[in-house]
Amino acid sequence: MRLVILPNSDDVAEFACDLFAQQLTNKPKSVLGLATGSSPTTLYQKMISRQKAGDLSFSQATSFNLDEYVGLSGDHPQSYRHFMNEQLFNHVDIDLARTFVPNGVADNPNDECKRYEELIALAGGIDLQLLGIGINGHIGFNEPLSSLSSRTRVKTLTKSTIEANSRFFGDDERQPTDSMTMGIGTILDARQVVLLATGAHKAQAIKGCVEGPVSASCPASALQLHEHAIVVVDEAAAAELTMKDYAIWAETRHQAMEQM
Ligand code: GLP
């Protein structure tokens, strides 16, 4: 696992933007795995600016989002499809027809999850998967106890996740309690994975992800099994890490060797 500790959240977004830009330059037809939540929003703003400046193009790319709420249609303001359209897709040169998010109002959610897995396989698999992390260590909506080999499926949310995400819903708005999410096995199949976390409230989850035992109790710890996983955090999210000094030193060595 490559652990990159940067001074602040803007640096984290800039680092991730460089990764995506590199990916799209090396392979314009990349299949990108995208995420929602507050963690990727600065990254998406940077992607928009770079695309408008002509330094980045999504014109041949395909994207798959991690998850969606069961019961919310794509035009619902709290749906992840709506989030992605607003935060990224409507502002860049991506072909909307090649952006995929599970359909939250599919007649049969289980069939929809199977279809989603098939679509990913048909597209050739995910080249670069973006992740945030929940305060309980979830990735996508893979809550603690999720099988480490799970595939896209319906997953019931924990009380803590419902509470954490309640800030996006109005008092009189019904907040879904179930989701469709890529599984941990689906995520681990991506050729490269990058997880972003900023802020002190993520420090415990990041410790579990990076230094904890590989365990279904902290789904993000499954990234320890991935050959090409990069965890990019700010100082606050790195605060609980025992190996922090080593990680900073190892990263300077990594960059020096890249320049050789
Ligand atoms: C939601 C999403 C996750 C995201 C997490 C953390 O539960 N399903 O993909 O990583 O929230 O969100 P935030 O970045 O807002 O802390």
Side-chain angles (χ1 to χ4, degrees), residues 8-10 12-13 15-17 32-46 63-72 74 76-84 86-88 100-102 104 109 113 116 126 128-146 150 152-169 175-184 186-188 190 193-210 218-223 229-234 236-239:
N8 58 54
S9 58
D10 196 72
V12 169
F15 184 98
C17 198
L32 306 177
L34 298 177
T36 53
S38 42
S39 301
T41 51
T42 311
L43 163 63
Y44 293 157
Q45 281 158 21
K46 286 181 187 287
S63 73
F64 286 91
N65 260 79
L66 281 166
D67 45 16
E68 181 58 282
Y69 286 112
V70 171
L72 298 194
H76 189 288
Q78 304 322 330
S79 72
Y80 283 168
R81 158 57 74 184
H82 187 263
F83 175 100
M84 289 308 300
E86 292 286 305
Q87 299 286 329
L88 183 67
F100 297 93
V101 181
C113 292
Y116 204 66
I126 292 169
L128 177 56
Q129 176 67 57
L130 176 66
L131 297 172
I133 186 169
I135 48 173
N136 62 3
H138 75 238
I139 46 177
F141 267 134
N142 292 285
E143 297 284 29
L145 305 189
S146 288
S150 48
T152 305
R153 69 212 183 292
V154 173
K155 190 77 200 163
T156 297
L157 305 181
T158 58
K159 275 195 178 150
S160 105
T161 297
I162 293 171
E163 218 171 274
N165 290 348
S166 65
R167 66 190 193 278
F168 298 111
F169 292 83
Q175 187 182 351
T177 55
D178 299 287
S179 67
M180 290 179 208
T181 181
M182 279 186 202
I184 297 176
T186 320
I187 292 168
L188 292 180
V193 178
V194 57
L195 184 147
L196 311 183
T198 58
H201 62 303
K202 296 289 172 76
Q204 209 52 50
I206 284 299
K207 186 173 175 56
C209 165
V210 176
C218 177
S221 66
L223 296 193
I230 311 181
V231 173
V232 193
V233 296
D234 66 357

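When a residue number appears, it is its place in the shown sequence, counting from 1. Values below: all heavy atoms of this structure, side chains included; hydrogens, waters and symmetry mates excluded. Here the structure is a predicted model, which means the values were calculated and not measured. As the structure lists them, so they are numbered: ligands from 1, and atoms in each ligand from 1.
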For ligand 1, which of its N or O atoms have a protein N or O partner closer than 3.5 Å, and how long is each gap?
unit_1   : atom_1 : unit_2 : atom_2 : d
ligand 1 : 7 (O)  : His138 : NE2    : 2.8
ligand 1 : 7 (O)  : Asn165 : ND2    : 3.3
ligand 1 : 8 (N)  : Asp67  : OD2    : 2.8
ligand 1 : 8 (N)  : Gly140 : O      : 3.2
ligand 1 : 10 (O) : Ile133 : N      : 3.3
ligand 1 : 14 (O) : Ser38  : N      : 3.2
ligand 1 : 14 (O) : Ser39  : N      : 2.9
ligand 1 : 14 (O) : Ser39  : OG     : 2.5
ligand 1 : 15 (O) : Ser38  : N      : 2.7
ligand 1 : 15 (O) : Ser38  : OG     : 2.6
ligand 1 : 15 (O) : Arg167 : NH2    : 3.0
ligand 1 : 16 (O) : Lys202 : NZ     : 2.6

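- Defined by atom type and a distance below 3.5 Å, a donor-acceptor pair is missing between the side-chain atoms of Arg153 and Ser179.
- Looking at heavy atoms from C-beta onward, Tyr80 lies in side-chain contact with Asp67 at the 4.5 angstrom threshold.
- Note that CG of Asn136 and CD of Glu143 are 5.0 Å apart. Values are rounded to the nearest 0.5 Å.
- A salt bridge is absent between Asp234 and Lys202: the closest approach of a Lys/Arg side-chain nitrogen to an acidic carboxylate oxygen does not fall below 4.0 angstrom.
- Side chain of Gln78 to main chain of Gln175: no donor-acceptor pair is present (N/O by atom type, distance under 3.5 Å, no hydrogens or angles).
- Put simply, the side chain of Thr198 never gets that close to the backbone of Ser9: no donor and acceptor are under 3.5 Å apart.
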